[in-house]
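These notes are about the structure you will find just below.
Below, chain A is the first sequence line, B the second, and so on; all start at residue 1. The shown structure was predicted, so the numbers you read here are calculated from the model rather than taken from an experiment.
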There are 2 protein chains.
Amino acid sequence: MQHSQTANLILGMLSIEPNRSGYDIRKMVESSVSYFWRESYGQIYPTLKRMAREGLIVARPSTSKGKRKRQEYALSAKGRARLQEWLAAPYRDDPPRSEFLLKLFFGRAASPNACIQHVRHFQANNKRVLSTLLEVERQVYANNAGHPHLPFWLLTLSYGIAHTRSSIEWSESAVTNLSSTQTRTTARSKKRVRRT
Amino acid sequence: MQHSQTANLILGMLSIEPNRSGYDIRKMVESSVSYFWRESYGQIYPTLKRMAREGLIVARPSTSKGKRKRQEYALSAKGRARLQEWLAAPYRDDPPRSEFLLKLFFGRAASPNACIQHVRHFQANNKRVLSTLLEVERQVYANNAGHPHLPFWLLTLSYGIAHTRSSIEWSESAVTNLSSTQTRTTARSKKRVRRT
DNA sequence: ACACACATGTAATTGGTTACATGATTTC
DNA sequence: GAAATCATGTAACCAATTACATGTGTGT
């Protein structure tokens, strides 16, 4: 178990904002890194408990003036050290599985315009993502001027934006390609039909 | 279990080349889609057995003239139908976790040039990938002219190439950004030291 | 004779999602 | 007092990697 990615994520998030609950962390993930990372509660809560046991984080009674019952956590010295250790270690290059690409790859076996449908969805989706990323970028600039984390956030954001743009462009050309191969294929099969 | 991705992959691969063994399928994956998909033997062999039991594929005695003992498989009608079903269904948009980006995002907590190191690795790696993808593209063109799968393969390839290129470009700007924030930060801390 | 690639599998473990279950507090 | 959202957690399941174990045919 030791070095679950979830634990690293939690360490990182608590390094940005101390005294957060599991619920908070989940929200932070959704609002800031969801375009390249996601976590479920079923992963976060048990991991928090474990990390507290191991002394990587310390549980604190809710600091925010007596609202709901909630368990907040902050980094311990050990946790901070662990975070730095992880950050220094080489990242593991996980093969980013894409069911979308897999379906395209086998597209020949699909019904004629299934692929085009998928690509259209893909493009629409990426357009949506792009606009939210651009919105986020504006927000980040506005609310965090001078914030020491800013350059790093902008870096990952610009990565996301670049890739989303490239996906949109690619989709465009993909649709034209697919349409032309489709007409070519149907033309051929028509000929065959006529011949029979 | 039913709809494991591994099963779909196997259906797809057998639709391209019938009478392949688990070993073959693994090799096909590595040589053709490894830039967006990977499978381990520990996943492939049990899945093959299960699929044979379910009648999605049929086991055949090694067709290739009496070499080693090996178990080959081919699609059944049911398997082909299942494949088409899967290809027609909407792809699931898996959040593509990137440990690399996560480390960058938390980069403020890292030792000064850890991030730069990571980005450099990232760039070097992407350059390597790009050259193999371009090589593969050449090969595919050369060996598969007129092959009905060609357009689909080129599509996924062009996706990979576009993204790899965009990653390389982004890395370039990322390194400059990081260097400048680094010098800024160290300058500030020097000042602070002098003041103390 | 030896090494290497071919070939198949299992067991242990991890990492993760999903669905379920519960209850408190705020807001309308 | 109903609905929404805050908040925490567990159990079941699934997908996947890794390490281990084993044996065969080919080329040198």
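Phosphate proximity of C:dT8 to B:Tyr23: absent, as no side-chain N or O sits under 4.0 Å from OP1 or OP2.
Taking atom CE on A:Met51 and atom P on C:dG15, their separation rounds to 13 Å, with Å as the unit. Distance, B:Ile44 CD1 to D:dT18 P: 14 Å, rounded to whole Å.
Not counting sequence neighbours, A:Thr47 has no partner by the side-chain hydrogen bond (donor to acceptor under 3.5 Å, both in side chains) test. Residues that satisfy the salt bridge (Lys or Arg N to Asp or Glu O under 4.0 Å) test with A:Arg138, not counting sequence neighbours, are A:Glu135. In this structure, the salt bridge (Lys or Arg N to Asp or Glu O under 4.0 Å) partners of B:Glu30, at least two apart in sequence or on a different chain, are B:Arg26, B:Arg38. When the side-chain hydrogen bond (donor to acceptor under 3.5 Å, both in side chains) test is applied to B:Glu99, the partners found at least two apart in sequence or on another chain are A:Trp86.
Here the side chain of B:Ser167 pairs a donor or acceptor atom with the backbone of B:His163 at under 3.5 angstrom.
Scanning residues 25-41 of chain A for heavy-atom distances under 4.0 Å to DNA chain C yields A:Ser40.
Counting any heavy atom pair closer than 4.0 Å across all strands shown, A:Gly22 reaches sugar-phosphate atoms only and no base atom.
In the set D:dA15, C:dG16, C:dT10, C:dT10 carries the atom at the smallest distance from any side-chain atom of B:Pro46.
Here salt bridge (Lys or Arg N to Asp or Glu O under 4.0 Å) pairs that include residues 6-25 of chain A, with residues two or more places apart or in two chains, are A:Glu17-A:Arg20, A:Asp24-A:Arg70.
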